[in-house]
Amino acid sequence: GKEKDDFHFSQSTEAFLESRNSTASPSYGWSLVAFSTSVPRDYRIRYTEEGSPAAASVNGTTNLLRGTRILTVDGVDLVNATSQADLDVLNAGLFPDTVGETHTFEVQDAGSNTTRTITMSAANISRQPVNATSVIDTASGKVGYIHFTTFSPFSSEEAIYDAMVQMSNEGVTDLVLDLRYNGGGLLAVAGQLGYMIAGDTATSGETFNQLRFNDDAGNRNPVTGSFDNAVPFYSTGLGFTLVNGAHLPSLDLNRVFILSTGSTCSASEAVINGLRGIDIEVVLIGTTTCGKPFGFYPTDNCGETYYTIQFQGTNGKGFGDFQDVFIPGNSTATFGERASGCVVSDDYDNQLGSTSEAMLSTALSNRENGVCTTAPTKGLEP
């Protein structure tokens with residue numbers, strides 16, 4: 001019963017090009033989540049960019065951590081303010097327009113009953129597609145962790161390559177791929193990631209994502225004119241930010257643990273679907289994904305770039321009907337494409353990559369015993 005297309009939108013072509021090319025823009029280097037946009041508002045930190053003002057340490061205290069709640073901006077009550085003058089102050093402080101712009105925030109850290117005040121100046125920040133990596137030693141082998149936030153800018157190709165080189169060099173035997181906030185992007189990079197997880201033998205001659213157009217198009221891509229509409233498991237660099245033809249590393253895994261929320265979308269779901277299409281086990285830890293098997297070619301018209309759904313993606317087995325989302329195996333949901341795995345709320349009381357964080361902790365536990373243990377329920381979901 002869900003609407004088939006929730007995904008048309010447009011933006012200025014200038015903004016599209018800045019995003020595609022990872023152009024730096026004024027920012028504190030934070031990712032915000034709004035649990036409530038109406039009074040009483042609740043804005044918190046999802047994560048921060050390494051080396052940014054938000055992640056800086058002042059007198060031994062990090063400015064902002066995951067889960068920190070913003071209470072005031074330049075003296076204005078973010079939680080309860082309603083006047084237009086106050087809203088203008090809040091927006092100006094939360095979304096700075098110029099580098100060097102300075103604003104003061106009263107914040108409350110997760111699990112704390114006290115508040116503190118910080119002052120930050122906006123800097124030129126480029127979004128980093130890989131936000132964090134680590135290798136976790138366990139009694140049964142090394143487990144890699146990668147927090148991958150977007151397939152969208154060209155820089156995502158080199159970023160995920162570097163992360164997978166690290167995993168390969170460390171000799172990990174399992175991978176936890178954190179896609180909980182990854183809304184998608186370039187299918188080609190998703191195909192590269194699929195290859196780097198599964199390796200040569202599993203992906204040789206296989207299709208990662210088959211583009212399906214409407215009946216009028218037949219077997220021709222109406223945008224490019226091509227009759228070859230298959231996205232392969234790319235084993236080489238494609239020239240975005242890696243040398244075209246450079247060989248990619250691979251972990252040769254037969255399963256992968258993917259951390260998910262409703263913000264896990266599009267190309268992220270294509271990774272789930274593409275790997276399932278070659279019988280790589282995907283263990284889904286978290287909540288249901290967004291349900292977007294559709295894609296588009298961004299198209300400029302008079303300075304505005306339009307994203308209009310043009311195709312549906314299917315895996316090597318011809319499956320692509322996950323409009324009703326992917327759901328973890330123990331979910332009680334009636335609708336959805338069920339994968340193995342466990343329902344776990346997003347945990348804002350622990351830092352991403354911490355083995356105490358609910359999703360990662362559950363993934364590690366499931367890896368050891370194959371069951372879904374009772375996970376912390378203190379996490380919040382917008």
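The first residue in the sequence is number 1, and the count goes up from there.
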Please report the C-alpha distance between F257 and V282 in whole Å, then the side-chain angles of each, then the deciding distance to 0.1 Å, and finally whether the side chain to side chain contact (heavy atoms under 4.5 Å, CB included) criterion is met.
CA-CA 6 Å; F257 295 84; V282 176; over 6 Å; no
Check step by step if side chain to side chain contact (heavy atoms under 4.5 Å, CB included) holds for D252 and T201.
CA-CA 8 Å; D252 302 324; T201 301; over 6 Å; no
Are the side chain of [X] and the backbone N or O of [Y] linked by a donor-acceptor pair below 3.5 Å?
{"X": "T289", "Y": "F326", "result": "yes"}
{"X": "T299", "Y": "Y297", "result": "yes"}
{"X": "Q108", "Y": "T68", "result": "no"}
{"X": "N221", "Y": "T224", "result": "yes"}
{"X": "N315", "Y": "R276", "result": "no"}
{"X": "E49", "Y": "I125", "result": "no"}
{"X": "E337", "Y": "D321", "result": "no"}
{"X": "R338", "Y": "A333", "result": "yes"}
{"X": "D74", "Y": "T104", "result": "yes"}
{"X": "N229", "Y": "N219", "result": "yes"}

To check you understand the geometry: which heavy-atom pair defines the closest contact between [X] and [Y], and what is its length?
{"X": "S19", "Y": "P153", "answer": "O-CB, 3.2 Å"}
{"X": "N350", "Y": "E357", "answer": "CB-CA, 3.7 Å"}
{"X": "P249", "Y": "S168", "answer": "CB-CB, 4.4 Å"}
{"X": "L32", "Y": "L94", "answer": "CD1-CD2, 4.4 Å"}
{"X": "G341", "Y": "I285", "answer": "CA-CD1, 4.3 Å"}
{"X": "V172", "Y": "G144", "answer": "CG1-N, 3.7 Å"}

Stepwise side chain to side chain contact (heavy atoms under 4.5 Å, CB included) check, V79 with R69
CA-CA 10 Å; V79 179; R69 185 177 183 184; 4.0 Å; yes
Is the distance between the ring centroids of Y43 and F105 less than 6.0 Å?
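No, the ring of Y43 stays outside the 6.0 Å limit from the ring of F105, centre to centre.
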Taking the ring of F154 and the ring of F240, is the distance between their centroids below 6.0 Å?
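Between F240 and F154, the centre distance is under 6.0 Å.
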Would you call [X] and [Y] a side-chain contact if the rule is heavy atoms closer than 4.5 Å?
{"X": "M167", "Y": "T133", "result": "yes"}
{"X": "L193", "Y": "F148", "result": "yes"}
{"X": "C290", "Y": "E269", "result": "yes"}
{"X": "Q166", "Y": "I146", "result": "no"}
{"X": "D178", "Y": "Y47", "result": "no"}
{"X": "T373", "Y": "E368", "result": "no"}
{"X": "T23", "Y": "L17", "result": "no"}
{"X": "R41", "Y": "I70", "result": "no"}

Taking side-chain contact (heavy atoms from CB on, under 4.5 Å) as the criterion, tell me which of [options] meets it with [X].
{"X": "Y195", "options": "P232, S204, S250", "result": "S250"}
{"X": "V107", "options": "L71, T115, T72, L64", "result": "L64"}
{"X": "S156", "options": "T241, N182, V189", "result": "V189"}
{"X": "L179", "options": "T149, I258, T261", "result": "I258"}

Rounded distance [0.5 Å steps], [atom1] in [X] versus [atom2] in [Y]:
{"X": "Y161", "Y": "L248", "atom1": "OH", "atom2": "CG", "value": "7.5 Å"}
{"X": "T203", "Y": "D200", "atom1": "OG1", "atom2": "CG", "value": "6.0 Å"}
{"X": "D300", "Y": "Y306", "atom1": "CG", "atom2": "OH", "value": "9.0 Å"}
{"X": "I309", "Y": "N214", "atom1": "CD1", "atom2": "CG", "value": "13.0 Å"}

Quiz question: by atom type and distance under 3.5 Å, do the side chains of [X] and [Y] form a donor-acceptor pair?
{"X": "E101", "Y": "T98", "result": "yes"}
{"X": "S27", "Y": "S25", "result": "no"}
{"X": "R127", "Y": "S152", "result": "no"}
{"X": "Q84", "Y": "D88", "result": "yes"}

For the hydrophobic clusters of this structure (ILVMFWY residues joined by side-chain heavy atoms under 4.5 Å, transitively), does one cluster hold both [X] and [Y]?
{"X": "F322", "Y": "V343", "result": "no"}
{"X": "V271", "Y": "V176", "result": "no"}
{"X": "L364", "Y": "L352", "result": "yes"}
{"X": "Y145", "Y": "L284", "result": "no"}
{"X": "V99", "Y": "M120", "result": "no"}

So, R180 and D347, do they make that salt bridge, N to O below 4.0 Å?
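The answer is no: the pair does not qualify as a salt bridge.
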Could you pull out all residues at least two apart from [X] that satisfy salt bridge (charged side-chain N to carboxylate O under 4.0 Å, His left out)?
{"X": "E170", "value": "K142"}
{"X": "R46", "value": "none"}
{"X": "E106", "value": "none"}

Please indicate whether [X] has more than 12 foreign heavy atoms, meaning atoms of other residues, nucleotides or ligands, lying under 6.0 Å from its [atom1].
{"X": "F335", "atom1": "CZ", "value": "no"}
{"X": "E50", "atom1": "CD", "value": "no"}
{"X": "Q11", "atom1": "CD", "value": "yes"}

Parallel, tilted or perpendicular, judged at 30° and 60°: which one describes the rings of F9 and Y307?
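Ring orientation of F9 relative to Y307: parallel.
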Using the six-membered ring wherever Trp is involved, compare the ring planes of F294 and F7 and label them parallel, tilted or perpendicular (cut-offs 30° and 60°).
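Tilted.
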What verdict does the side chain to side chain contact (heavy atoms under 4.5 Å, CB included) test give for Q192 and L238, after you've listed the backbone C-alpha separation in whole Å, the side-chain angles of each residue and the deciding distance to 0.1 Å?
CA-CA 9 Å; Q192 291 175 310; L238 298 174; 3.5 Å; yes
From CA spacing to verdict: side-chain hydrogen bond (donor to acceptor under 3.5 Å, both in side chains), R367, T138:
CA-CA 10 Å; R367 172 182 175 270; T138 75; 3.1 Å; yes
